[in-house]
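What follows is a single structure, written as structure tokens, with notes after it.
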Amino acid sequence: MKQILLIIFLAAGLVYSQQIGEFAPEKEPVQFPPNAAGADLIFSEGGFGLGGFYRRTLNKEITVFSDISFSETKDEKEVEYYDYYTGQSIVYGKKNRIFILPLYAGVQYRLFSDDLTDNLRPYINCAAGPTMVITTPYDKEFFSSFGKA
């Protein structure tokens, strides 16, 4: 008897709950600004880096952009050892610190802009540009070594 009353109570509650309230209004589409600029913090195998970008939307599908970053890189022969007795890391055979500064400009083409919502935006990117390389002597202190770059 208790089970029958429980089923009737739940069924009545479900039927009644479908009649309460109205549908939520549709959300207006988000309008993104045509220009965007920002900064990047880079974590890579070589260490930390900084960067910046600028993007300009030309129309619904095409965006042009430019990026620049500055980070350290490693030579393929570098192996870092940690001395547990002194607490220092040692890199055998390292002669220079190597920094890279890629600067590139490109175009993004948005795929399926009419079919997919703004939450899902697949792009095709095409970019090109130079990469500048700076080397500083490893045996000098970090900031003063840039004078010998």
Side-chain angles (χ1 to χ4, degrees), residues 9-84 86-149:
F9 180 72
L10 288 175
L14 289 174
V15 171
Y16 181 71
S17 67
Q18 296 298 321
Q19 298 172 359
I20 298 175
E22 297 176 10
F23 288 113
E26 288 289 325
K27 183 179 176 185
E28 294 182 21
V30 176
Q31 294 294 325
F32 293 98
N35 299 328
D40 296 323
L41 181 59
I42 302 165
F43 301 101
S44 68
E45 179 190 5
F48 298 104
L50 295 173
F53 65 88
Y54 176 74
R55 306 219 185 310
R56 179 167 178 84
T57 304
L58 301 178
N59 59 35
K60 191 174 180 180
E61 284 92 15
I62 298 175
T63 302
V64 294
F65 64 91
S66 178
D67 289 354
I68 188 168
S69 60
F70 179 80
S71 65
E72 188 176 6
T73 187
K74 290 184 178 181
D75 187 8
E76 62 187 36
K77 298 174 188 172
E78 286 182 24
V79 179
E80 188 172 345
Y81 296 100
Y82 182 76
D83 186 359
Y84 291 101
T86 63
Q88 295 180 342
S89 59
I90 302 165
V91 181
Y92 292 108
K94 185 167 184 169
K95 296 179 183 176
N96 293 320
R97 292 183 187 96
I98 305 169
F99 300 96
I100 57 172
L101 193 103
L103 168 67
Y104 56 92
V107 177
Q108 279 184 339
Y109 179 75
R110 181 176 173 193
L111 301 172
F112 315 115
S113 60
D114 294 328
D115 299 330
L116 298 175
T117 64
D118 284 338
N119 294 338
L120 177 63
R121 294 191 210 161
Y123 287 99
I124 294 178
N125 286 344
C126 180
T131 297
M132 288 132 311
V133 178
I134 302 168
T135 60
T136 61
Y138 185 68
D139 57 351
K140 305 279 186 215
E141 193 270 326
F142 184 81
F143 290 109
S144 63
S145 68
F146 281 96
K148 307 270 190 224

Using the side chain to side chain donor-acceptor pair (under 3.5 Å) criterion, which residues pair with Tyr104? Sequence neighbours excluded. Asp67
For Phe48, enumerate each residue passing the ring pair (Phe, Tyr, Trp, His ring centres under 6.0 Å) test, keeping only those at least two apart in sequence or located in another chain. Phe43
Where do Lys60 and Arg110 come nearest, in terms of heavy atoms and distance? O-CD, 4.0 Å
Return the minimal non-hydrogen interatomic distance between Ala37 and Tyr54, and the atom names on each side. CB-CD1, 4.1 Å
Euclidean distance, Thr131 OG1 relative to Ile68 CD1, rounded to 0.5 Å: 10.0 Å
Distance from Ile42 atom CD1 to Glu72 atom CD, nearest 0.5 Å? 12.5 Å
Considering residues at least two apart in sequence or located in another chain, which fulfil the side chain to side chain contact (heavy atoms under 4.5 Å, CB included) criterion with Thr57? Thr63
Hey, could you give me the CZ/CG distance between Arg55 and Asn35, rounded to the nearest 0.5 Å? 12.0 Å
Using side chain to side chain contact (heavy atoms under 4.5 Å, CB included), reason through Ile100 and Ser69 one step at a time and then give a plain yes or no. CA-CA 8 Å; Ile100 57 172; Ser69 60; over 6 Å; no
Euclidean distance, Leu50 CG relative to Leu41 CG, rounded to 0.5 Å: 6.5 Å
Mind checking whether Leu101 and Pro130 have side chains closer than 4.5 Å, heavy atoms only? no
Restricting to non-hydrogen atoms, name the atom on Phe65 and the atom on Ala127 that form the minimum distance, rounded to 0.1 Å. CZ-CB, 3.9 Å
Closest approach of Ser71 to Gly49 (non-hydrogen atoms, all atoms of both residues): CB-CA, 4.0 Å
Supply the atom-to-atom distance Asn125 CG to Tyr109 OH, rounded to the nearest 0.5 angstrom. 13.5 Å
